[in-house]
Amino acid sequence: MARILIVSNRLPVTASKSEGKINFIPSVGGLATGISSFHQNHDCLWIGWSGIARDKMDKNDKKEIISQLKKLKNYPVFLSQSQIEAYYDGFCNKTIWSLFHSFTQYTIYDNILWDEYKKVNKIFCQTILDVVKPDDIIWIHDYQLMLLPKLLRQRIPNLTIGFFLHIPFPPQEIYRQLPWRREILEGILGADLIGFHTYDYVRNFLDSELRLLGDEQNMGYINYQNRMLKVDTFPMGIDYERFSMAIQNTDTQKEVEKIRKQIGGRKIILSIDRMDYTKGIVERLKAYEIFLQENPEYLEKVILIMLAVPSRTRVEQYQHLKHQIDELVGKINGKYGSIGWVPIWYLFRSLPFSELSALYHIADIGLITPLKDGMNLVAKEFIASKDNAKGVLIISEMAGAANELGEALIVNPNNKLQISWALKYALHMSEAKQIKRNKIMQKRLKNYDVKKWADDFKKSLMQVKEKQEEFSAKIFTPKKRLQIIKDYQKSKNRLFLLDYDGTLVNIEYKFKTIKPGKDVLNTIQQLIQDKKNQVVIVSGRGKEILEKWFKDIHVGLIAEHGALLRKNNGIWETTEPFKKEWKQQIKPLLQLYVDRTPGSFIEEKEYSLVWHYINTNPFFGQIRALELRDALLHLTSNFNLEVLHGGKVIEIKPMGINKGLTAYRWISQKDWDFIMAIGDDWSDEDTFATLPDAAYSIKVGAGSSQSKYNINSSTEVRAFLRELSKK
Ligand code: ADQ
């Protein structure tokens, strides 16, 4: 079994130095708590920063840290204090964290911070290179290390790399504000599998990819620089067992008793977060105040236990937030409290598991209302901790977790009145209803716990690798090339079926300008000089243009994807008496889409109509293409027409037109002892399918195909054909 290197900014343990001694304590935060059990149960090494700056340790400390961490299956990355400040406090938290949570007003763009981010990603890369073995799986976590996948890929091209983002990926109109948007995207795209918590984030990422780098996806697969990679949703689970069983620990039971004694029979509302402006703590407090104000019958009968874990305390924004929350809590407690009752119990610290699980267990309501949250594990932990399934979760619709917790009370975190109503509703909810709702959620969370999540991610990563291998097995290696050349030399009757766009010439931005250059014409001339060779150009283009381009060259021509053909005698024939009248009825719809989609245009061929969107805004063009395809499917249902969507075109043509059927007229003509078909898109698959077993079929570019081989580009196609013609 392959070893897994988990890589994250922080290790699951944090080192500190006091009185000359190095101590370790568990780190807080979603990632550390979430996958620590996966780490323990697999052959893993966790790589990350240890918590002590390099310049604050001596040689012995360094040795001690490495050796202590080794026992815990951890390996440290050493960073200086100034690097941590500029990279983590700076770029990560003042630029990425705020922008990715759509808090553009807090986002700072500073080249110095960006430079440090790049430097630290390189340090991580070097540390991994020091310990990595060729078969290791690298699983990189989160926004601090978005350049790392590419850096590693450059050094070890075949490495298996997964990347998971724990925070939201913002909508493209927000993402594109980042001055380094391309570098970051390209950095992430170094991975083989890219995971997000929700489908919304996947869609946002794919939108940005399409707009900024221009690669279209197919079922989450992207063909990026001739490497197939996948983008998918993996909603992170929790260690369900740990939380659901917690109440059986005597320590947790003692804590429950202690809290009960202090609180008596009052209803407990629980709020737990890291102290962060994305978590909506201020809005939540204000909503609680409205609740107290509007429902005086609940005064002295409820208590809000608000737990905030100190976080990023060196960042000014966070200091300001702490100050604001302290004041607000003081104000509410002062205004509504009475002797023997404080409306808010406010704890600003991290808690041991026994205390945390006791709070989850005892609380009547979990009030979790982030303004924006990648997932939010606290909400899931609250539900899992309810051994008797009693309790009500109120969760913000802006938390990724809301997608999986549909039976909870879902609120808009900015709507304080709604939160106040939800509190009242929760306090009145019957126990039967609570149990019914929670049991459904518990079942779901138990099924897809953190172990399943991590296994699922790993399994998908290996599947992507398998797909890549299938593809590389077909890559046109020098050995395969030699084999074909040998066969070519032995043969006497050879047939070449060559697609035009994307095969003999590169597909370029401006559709209309790709006429064959000297390079293409000379290559074909050289091939047909040998009387043993018959060349057929198998194209989707109209007959006039093909005739013009290949005027004096004795090649067979197939036009309009097989509707028309010209044999060497120079006379065009139709393969079947296809109808054309339908064009008048379809054209107005295409014209409407041309008017509504700047950059698109119609190409009219004898038997087909094509709507091209290669020159449109890629994202908009794709949306319009999907709309048009749907509209056409309705309209064409009575006409015996086919609607094909591929390669930045939508083509409408009569059923039964097919490159393969027409190519077969040549294939069946003679007893060829060498056949080679080359093509790049869906329409060429029909040609490949009609070939006899011994024939050679080659697809240009990556992507799945029934071809025997894949070749990288049309430049390589031309070079290979020239090489053959000289043999
Ligand atoms: P976080 O923003 O840290 O994580 P969250 O998912 O809620 O947020 O995880 C917090 C974790 O810290 C929980 O596991 C909780 O048990 C623990 N915790 C909270 N308060 C504590 C306390 N006082 N004492 C001890 N432990 C405490 C980021 C993203 C999230 C995403 C996670 C995981 O911001 O959206 O869910 O990563 O991907």
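Every number for a ligand or one of its atoms is a count from 1 in the order of the listing. This is a predicted model, so every value here is computed, not measured. Sequential numbering from 1 along the given sequence is applied to the chain's residues.
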Ring centre gap for Tyr106 and His101 strictly below 6.0 Å: no
Practice item. Measure centre to centre between the rings of His166 and Phe164, then say whether the value is under 6.0 Å. Key: yes
Quiz item: At the 4.0 Å heavy-atom cut-off, does Trp97 count as touching ligand 1?
Solution: yes
Sidechain N-carboxylate O distance under 4.0 Å for Arg444, Glu407:
yes
Under 4.0 Å from one or more heavy atoms of Ile272, ligand 1 contributes atoms 19 (C), 20 (N)
Note: ligand 1 atoms sitting under 4.0 Å from heavy atoms of Leu356 are 16 (O), 26 (N)
Smallest heavy-atom separation, Ile365 atom then Ala426 atom, equals CD1-CB, 3.6 Å
What do you reckon, does His197 put a non-hydrogen atom under 4.0 Å from ligand 1? yes
(Q) So does Met275 get a backbone contact from the side chain of Asp273, meaning a donor-acceptor N/O pair under 3.5 Å? (A) no
Here the atoms of ligand 1 under 4.0 Å from any heavy atom belonging to Leu307 are 23 (N)
Notebook entry, point to check: In terms of side-chain geometry, is the basic nitrogen of Glu404 or Lys380 positioned less than 4.0 Å from the acidic oxygen of its partner?
Noted result: yes
Numbered in order shown, the ligand 1 atoms found under 4.0 Å of a heavy atom of Gly374 are 35 (O)
Atoms of ligand 1 under 4.0 Å from any heavy atom of Val309, numbered from 1 in the order shown, are 19 (C), 20 (N), 21 (C), 22 (C), 23 (N)
May I ask you to check whether Tyr448 and Trp453 place their ring centres under 6.0 Å from each other?
no
Note: ligand 1 atoms sitting under 4.0 Å from heavy atoms of Met236 are 33 (C), 38 (O)
Applying side chain to side chain contact (heavy atoms under 4.5 Å, CB included) to Glu327 and not counting sequence neighbours gives His323
To atom 8 (O) of ligand 1, the nearest of Lys279, His141, Arg274 on a heavy-atom basis is Lys279
Judged by heavy atoms only, the candidate from Met375, His166, Met275 nearest atom 38 (O) of ligand 1 is His166
Counting from 1 in the order shown, the ligand 1 atoms closer than 4.0 Å to a non-hydrogen atom of Arg349 are 23 (N)
